[in-house]
Every structure is written in structure tokens, then in C-alpha cells.
Amino acid sequence: MIRHLGYACKNMTLGNKVLTDRTLREARFTLERVDDLVLKNSQDLITIMQWNADNEIKFFRIGSGLFPFMDHPKQYYKFEDLKNWPLIAANIAVAGKIAADNGIRLSCHPGPYTCLASPDNLTVIKSVKTIEMHAMLGKMLCLPTDDFVINFHMGGVYGDKRETAKRFINNLNTLLTDWERKHITIENDDKASMWSISDLVEYGIGNKVRLVLDVHHHRFCNRESLHDAADMAFETWPTDQVPKIHYSESAEGKKPQAHSDYIFDPIPNDLHSRDYDVMIEAKAKELALQAYQRKYQLLHS
DNA sequence: ATAGGTCAAGCGAGG
DNA sequence: CCTCGCTTGACCTAT
């Protein structure tokens, strides 16, 4: 059964002045500019988290744009290089405290350029840097539990799933820390040739990390029923943890994989006997979540 | 003040 | 070969 509903990264209600992904063009990069942006991003993360608490939203994805260029291969800066780093760290810890005090589950989702299994070594190195940056964020939240996850995709098939899975597992084992390994989840893909939940299980990924079922992606890439996918994905989550799924719908007039502003259909509530939390991926963000709750009269606390 | 082009990035599908 | 779509539009320049 569905437990909490969540939304991702940005808040429409608070408007476009409250942002956690202020950035700048690479050509304009200076440490002073980025310091100012990161400080503002961290302050607004508090604002959004407090809004979540006030509105009883208990599942939220933190955006990946908090620290512009921090995972860039040119290594423009490290966190400690920021003059305001103590204040920024404190802000992020406050956001984490609000989440912890209000039972808000937090996750993050490094982007499609995170390709840990790439045959290209530079791509792997960049992917590791991205994962490290998200891990730093996860630690800075100072959460009292290990519930925070860094969720991403395999990144590609590269013509051979078995070899790619071996590279993934090898890179996972050798290039990442225990903390990072422990907090990674992998999500199924939205193209038929790519990674279904059953593929992730069959090729051993599900033995190494937990799997997140994306219901929308499953439509485009499946070698198993949705219920079987849920069974397989949830099996990778210890029974004292609540598994997560993603839910979204197609936008009209675009590729079917594109996300709609709002969601209209009922989210499957019978995927599993276990409780699960649902990350709603809709362009209208928390407005889509709230509209869904009103429409279906759901009282997800 | 706003419109429109631009942006750091990997992969695969489709035209 | 180009565009789209993904985690997410915001930045920047010219008007």
C-alpha cells in the first residue's frame, strides 16, 4: 500500500525566487560568485524543507544543483574552499533537522550523466565525482538514520549487459566508499533495450544495491509484469525499510517518456503487501501532488 | 523588464 | 547527423 507521496527538487508554490539550483556559466566562474550561490541555495533548501514540514509532505528529493560545478572534472573548488562553508554546512544541517523532526524522507537523484558502468574511464571518473558530491550532501544533512539514498540509472548498456553489469559492480566495489555503496539505489530505465528491474536482478545489481521501481519507465522497458517488478525491487529492501517507487505520466504532444505537468490516473496501491513511498515526478511538482491528493481524497500523512 | 539563445554533462531512440 | 528526453530550467546578452 502507498504510504507517503513525495515530489522532486523544486517548489512551485514558493515561486521562482526560492531556488536550490542557482548556477552560473562556466566562463563566469569565480569562487566568490559560486560561494554566494551555494549560500543562497542552502538557505532556500531550509525554506523548502520548512514548507514541506508545514504542509505535511513527508518525502522529498533534494535537487542536484546545490553546488554548481563542484563535481566538474576541472575541480574548480572543494567545499572547504568556500568562504561561507561553515554557514552553508549549518544551513544544510538545519534542513536535515527539519526533515528528521518532521519525518520527511530525503533522497537525491544525480543526473543522466552519471554513468558508473561506462567503458570510458573519464566518464566513470566524472560519475564518481558526482556521486561523491551527492554523498557529501547526504552526510551534511546530519540525519539520524541511514534512510537517505543516492538514486541513479545504470547509464547505458554499451552493447553487452553482462559486461556492463560486471563493470558496474567492479567500479562500485573499488571506486566508492562504504558509505556511498550503502546509500546507492538503482532505478529501471525507460527504453526497451535498457535495464528493466528483472535485468537488474538477473545481472546481479540487485544483490549489490537496492532497486527503485519507476512505474512509468516500466511501461517502456519490461520483461516482467509490474507486480513482478515490484516484488523483485522490494525484495532488495530490508523488511525494516520502506521501499520507494517513482510515478509519473506521459506529457501530451511529446515523446511518451516526457513527464506531464500533473498526474491524472490513480497510482497503483496494490503493488505489494508492504508499504511503499511514491515519488511523483511531475512538472508541476508539489502542486501535482496536492491536486492528486484532492482528487483522490487521499490522506497520506 | 523580458525575450530568446545558450549551457557542463552520456546514452540511446527516432527522424 | 541532429534532436529529444532524462535529475532540474536558470543564466546571460541583447533589445
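Everything numeric here is computed off the predicted structure, so don't read it as measured data. Order of the sequence lines fixes the chain letters, A, B, ..., with proteins taken first and strands second; residue numbering starts at 1 for each chain.
- With A:Asn102 contributing its side chain and A:Ala53 its backbone, the two residues share no donor-acceptor pair below 3.5 Å.
- Out of C:dC11, B:dA9, C:dC12, the shortest distance to the side chain of A:Arg28 is found at C:dC12.
- When heavy atoms are screened at a 4.0 angstrom cut-off, A:Gly156 is found touching the sugar-phosphate backbone but no base atom.
- For A:Arg61 and C:dT8, the shortest distance from a side-chain N or O to OP1 or OP2 is below 4.0 Å.
- At a threshold of 4.0 angstrom between heavy atoms, the contacts of A:Ser118 are confined to the sugar-phosphate backbone, with no base atom among them.
- If you check C:dT7 for Watson-Crick or wobble pairing at under 3.5 angstrom, you find it has no partner at all.
- A sub-4.0 Å separation between OP1 or OP2 of C:dC6 and a side-chain N or O of A:Lys283 is present.
- Heavy-atom distances to DNA chain C give each of A:Ala8 and A:Leu24 a nearest nucleotide, and the one nearer the 5′ end belongs to A:Ala8.
- Base pairing annotation: B:dA8 forms no Watson-Crick or G-U wobble pair, as no partner gives both donor-acceptor distances under 3.5 Å.
- In terms of polar N and O atoms assigned as donor or acceptor, the side chain of A:Arg25 comes within less than 3.5 Å of the base of B:dT6 in a complementary pairing.
- Below 30°, between 30° and 60°, or above 60°: for A:Trp179 and A:Phe148 the angle between ring planes is between 30° and 60°, a tilted geometry.
- For A:His153 and A:His109, the ring centers sit closer than 6.0 Å to each other.
- Of the side-chain N and O atoms in A:Lys10, one or more sit less than 4.0 angstrom from OP1 or OP2 of C:dG9.
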